Amino acid sequence: MAIRILVVGDSKVGKTALTVRLLTRRYIGEYSSSTDSMYKCTIEVDNVSTRVEVLDTINRPGQPPDVDENQVMWAGAHVVVYSVLSRESFLRAASLASAINALKTSSTPLLLLGNKVDLDPGREVGVQEGRQMSRELGCIHDEVSAAEDLAGTLQAFHTLIKEVQLAQPSRLSSRKRNKNPLDNVSKKLGAIFGKKETNVSNNNEATGMS
């Protein structure tokens, strides 16, 4: 069973750069997309092959990001990205994380992820602020640089994936007790999102996206 990860955040915070770093280990600085994108890949976490599906969401510049309930219920883990260079993106990330918390099950992990730490002289959000916010939200926190820190980016996502793996028994038990009408939501995502889907090859070396 694939681990499904939803990536949300303000525009220009590096959501797609982080996603592609995870899946291909390459950094590409500029992206242009008008639709949500689904990426599928098998990656290794603690020497165990893990099938991952990542839904990379977009929002139009100038418009605040919002939360889609169907996307939240589809995901088994959530990543809310902000830029450490932008306090506005941090406050929006906190609002998004709070909205996700109100919808998701308690056992579904959430990662509050600060990006662009390589540009530290322009930082507007301190490390301690991120940590304090994660404590208030009851989630994981990390800071990375998609541009310059492959190891840190992988570690942040791998920590999240391991949290999902630990939570899966309780989530499965909960589903058996409560027949959730949203169990079939993943079957409807293509029609709902109008997304493009990409299968990614990752064999411990950087590879292009197919």
Side-chain angles (χ1 to χ4, degrees), residues 1-9 15 18-25 38-57 67-82 93-94 96-115 117 127-128 130-144 146 149-187 189 199-200 202-204:
M1 183 177 180
I3 291 177
R4 298 166 175 169
I5 302 175
L6 175 66
V7 181
V8 300
K15 298 186 298 293
L18 288 164
T19 299
V20 173
R21 260 298 207 186
L22 168 69
L23 300 177
T24 73
R25 306 198 177 194
M38 177 76 80
Y39 300 91
K40 297 183 178 182
C41 182
T42 299
I43 63 177
E44 283 199 359
V45 180
D46 290 345
N47 298 315
V48 176
S49 294
T50 304
R51 185 70 178 170
V52 174
E53 297 177 6
V54 182
L55 181 59
D56 175 24
T57 62
V67 171
D68 184 298
E69 181 176 356
N70 287 303
Q71 292 177 344
V72 172
M73 299 305 294
W74 167 85
H78 305 87
V79 180
V80 183
V81 183
Y82 66 93
L96 283 170
S98 180
I100 290 172
N101 274 342
L103 293 169
K104 72 179 184 66
T105 62
S106 60
S107 61
T108 304
L110 187 152
L111 169 63
L112 181 65
L113 186 60
N115 188 29
V117 296
V127 177
Q128 293 302 323
R131 290 175 179 169
Q132 177 60 34
M133 183 62 70
S134 71
R135 284 193 289 269
E136 294 176 7
L137 292 166
C139 67
I140 310 165
H141 174 259
D142 208 341
E143 288 189 352
V144 298
D149 186 11
L150 170 61
T153 301
L154 294 178
Q155 182 61 45
F157 277 93
H158 287 187
T159 297
L160 181 68
I161 289 169
K162 285 186 278 189
E163 288 289 322
V164 177
Q165 292 169 335
L166 288 172
Q168 278 180 339
S170 61
R171 293 184 67 212
L172 289 173
S173 176
S174 176
R175 287 183 179 181
K176 288 178 180 179
R177 290 194 304 269
N178 304 297
K179 293 184 178 179
N180 192 333
L182 292 173
D183 281 345
N184 294 323
V185 70
S186 61
K187 299 177 182 178
L189 288 181
N199 284 291
V200 182
N202 182 352
N203 296 314
N204 297 322

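Residue numbers run from 1 in the order of the sequence given. The structure presented is a predicted model; accordingly, all values stated were derived computationally and were not measured.
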Distance in Å, Cys41 SG paired with Arg51 CZ, rounded so as to fall on 0.5 Å steps: 7.0 Å
Inter-residue atom distance His158.NE2 - Leu22.CG, 0.5 Å rounding: 6.0 Å
For Leu112 against Gly130, the heavy-atom pair lying closest together: CD2-O, 4.0 Å
Which atom of Asp149 lies closest to which atom of Thr153, heavy atoms considered: O-OG1, 2.9 Å
Side-chain heavy-atom pair Asn115, Val144 within 4.5 angstrom cut-off: yes
Verdict with supporting geometry, Ile3 and Gln165, side chain to side chain contact (heavy atoms under 4.5 Å, CB included): CA-CA 8 Å; Ile3 291 177; Gln165 292 169 335; 4.0 Å; yes
Side chain to side chain contact (heavy atoms under 4.5 Å, CB included) partners of Ser49, counting only residues at least two apart: Thr42, Glu44
Residue pairs fulfilling salt bridge (Lys or Arg N to Asp or Glu O under 4.0 Å) with at least one residue in residues 106-115, sequence neighbours excluded: none
Stepwise side chain to side chain contact (heavy atoms under 4.5 Å, CB included) check, Val52 with Ile5: CA-CA 7 Å; Val52 174; Ile5 302 175; 3.9 Å; yes
Donor-acceptor under 3.5 Å (Asp46 side chain, Val48 main chain): no
Asp56: side-chain hydrogen bond (donor to acceptor under 3.5 Å, both in side chains) partners, not counting sequence neighbours: Thr16
Qualifying residues under side chain to side chain contact (heavy atoms under 4.5 Å, CB included), relative to Ala97, sequence neighbours excluded: Val80, Leu110, Leu137
side-chain contact (heavy atoms from CB on, under 4.5 Å), paired with Val7, selected from Leu55, Leu111, Val79, Leu113: Val79
Spacing of Met73 atom CE and Thr105 atom OG1 [to the nearest 0.5 Å]: 7.0 Å
Non-hydrogen side-chain atoms of Lys162 and Val45 separated by less than 4.5 Å: yes
Minimum-distance pair of heavy atoms, taken over all atoms of His141 and Val127: CE1-O, 4.0 Å
Value rounded to 0.5 Å, distance of CH2 in Trp74 from CE in Met38: 4.0 Å
Nearest non-hydrogen partners of Gly76 and Pro109, listed with the distance: O-CD, 3.5 Å
Reported CD-to-OG1 distance for the pair Gln71 and Thr57, which is rounded to 0.5 angstrom: 6.0 Å
Sequence-distant partners of Glu136, side-chain hydrogen bond (donor to acceptor under 3.5 Å, both in side chains), two or more places apart: Gln132
Ile161 vs Ile43, side chain to side chain contact (heavy atoms under 4.5 Å, CB included): CA-CA, chis, key distance, verdict: CA-CA 10 Å; Ile161 289 169; Ile43 63 177; 3.6 Å; yes
Shortest non-hydrogen separation from Tyr39 to Thr19 and the atoms involved: CD1-CG2, 3.7 Å
Separation of Ser107 OG from Leu166 CG (nearest 0.5 Å): 11.5 Å
Residues forming a side-chain hydrogen bond (donor to acceptor under 3.5 Å, both in side chains) with Thr159, sequence neighbours excluded: Gln155
Listed partners of Leu150 passing side chain to side chain contact (heavy atoms under 4.5 Å, CB included), at least two apart: Arg21, Arg25, Leu154
side-chain hydrogen bond (donor to acceptor under 3.5 Å, both in side chains) partners for Glu143, two or more places apart: Arg123
For the student: nearest non-hydrogen atoms of Ala75 and Thr108, plus distance: O-CG2, 4.2 Å
